[in-house]
Protein chains: 2
Amino acid sequence: MDISEVAKKSGLPASTLRYYEEKGLIRSIGRQGLKRVFPPSILERLALITLGRNAGFSLDEIADMFTPEGKADIDRAKLQSKGDELNETIKHLTAMRDGLYHAAKCPAPSHFECPTFQKLLKRAAKARPEK
Amino acid sequence: MDISEVAKKSGLPASTLRYYEEKGLIRSIGRQGLKRVFPPSILERLALITLGRNAGFSLDEIADMFTPEGKADIDRAKLQSKGDELNETIKHLTAMRDGLYHAAKCPAPSHFECPTFQKLLKRAAKARPEK
DNA sequence: CTACTAGTTCAAGTTAACTTTAAGTCAAGG
DNA sequence: CCTTGACTTAAAGTTAACTTGAACTAGTAG
């Protein structure tokens, strides 16, 4: 597959694919002339990267978790602790979501008069979650 | 209150407070010499801003939520849709977390050979929302 | 009065994740 | 052979949300 085919199938622009390659997140298996040639498995690899991005991991973190081949050694302890970390984040976000939903329906004339909203504000002041 | 007191009480660095003022998110009520003077209510306002940030609003979006007079005027529909957005994110995070936990324990030589991991990837490929 | 401290301004720097631009290359069609 | 179009590179530009640096000032302690 050439880059435009990968772009089309993955939904990612070619510039992004080149950028990912430069960053070491993906690899082409060769060239035809100047053009990069990718194996079909690249799509799976990109799906994995996308998954990580959606979950809020940085490209560096993703690169860190998986070898360029996507194959062997993923440090299992690292995965476990990333999972734990993620779990904490989920808790924060869930609280935030519930707060937002409540505020959206709350009949108090001003959000500031609603105790749930107040609580949310206090929690927000405390919570300093990573991005 | 001077800026360092606000910084201390809000947990935000002075540079951020100056930046927020420049952006029009907060206002000082005057000066003592060169120094900005803030009213106590600034803290609630900052908490609100922090809440918004944590909920995924951009500073510009937050600025939009305040009326020209500086009173907060939060559109309930916006809260609802941010809640929905957050909910989507939570789903992604949850999928990722489950995937990480599974991968941490999975005995398959490559994660790509594991059906659970495959399923996860497929779910990730589907999700193509925000940002 | 002089020094010190905590504030000030404005401009420039930072980071992440890309995108854009300019200039160049190669294979294919006419 | 020449043009076209898809691809290439390297470098610079973009955006958000800040942070940092340099040069400056006002109130206060001694």
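Lettering follows sequence order; numbering is per chain, from 1.
Heavy-atom contacts from other residues, nucleotides or ligands closer than 6.0 Å to CD of E113(A) number more than 12. No more than 12 heavy atoms of other residues, nucleotides or ligands shown are found within 6.0 angstrom of NZ on K8(A).
Comparing Q32(A) and S15(A), the nucleotide of DNA chain C nearest to each residue sits closer to the 5' end for S15(A). Residue whose closest nucleotide on DNA chain C sits further toward the 5' end, between F38(B) and R53(A): F38(B). Each of F57(B) and G33(B) lies near DNA chain D, and the nucleotide nearest F57(B) is the one positioned closer to the 5' end.
R36(B) comes within 4.0 angstrom of the backbone, heavy atoms only, and of no base. As judged by a 4.0 angstrom heavy-atom cut-off over every strand, T16(A) is placed among residues touching the sugar-phosphate backbone only. Here S58(A) lies in heavy-atom contact (under 4.0 Å) with sugar-phosphate atoms only. The residue R18(A) sits close to a base: some heavy atom pair falls under 4.0 Å.
Distance D2(B) CG to dG7(C) P: 5 Å, rounded to the nearest Å. Atoms CE (M1(A)) and C1' (dC7(D)) sit 16 Å apart, rounded to a whole Å. Rounded to an integer number of Å, the gap from D60(A) CG to dC18(C) C1' is 14 Å. Rounded to whole Å, atom P of dA17(D) lies 14 Å from atom CG of L12(B). When rounded to the nearest whole Å, the span between CD of E61(A) and C1' of dT15(C) equals 14 Å. In this structure, OH of Y19(B) is placed 17 Å from C1' of dT9(C), rounded to the nearest angstrom. When rounded to the nearest whole Å, the span between CG of L34(B) and P of dG7(C) equals 12 Å. Atom C1' of nucleotide dT8(D) and atom CG of L17(A) are separated by 14 Å, given to the nearest angstrom.
Within the structure, every side-chain polar atom (N or O) of Y20(B) is placed at least 4.0 Å from both OP1 and OP2 of dA17(D).
Comparing dG7(C), dC18(C), dC7(D) by their closest approach to the side chain of K35(B) singles out dG7(C). In this structure, of dC18(D), dT8(D), dG7(C), it is dC18(D) that holds the atom nearest to the side chain of L59(B).
A donor-acceptor contact under 3.5 angstrom links the side chains of D2(B) and S4(B), judged on distance only.
Under the 4.5 Å side-chain heavy-atom criterion for grouping Ile, Leu, Val, Met, Phe, Trp and Tyr, M96(A) is connected to L59(B) within one hydrophobic cluster.
For the side-chain hydrogen bond (donor to acceptor under 3.5 Å, both in side chains) with S28(A), the qualifying choice from R18(A), R36(A), E21(A) is E21(A), the only one to do so.
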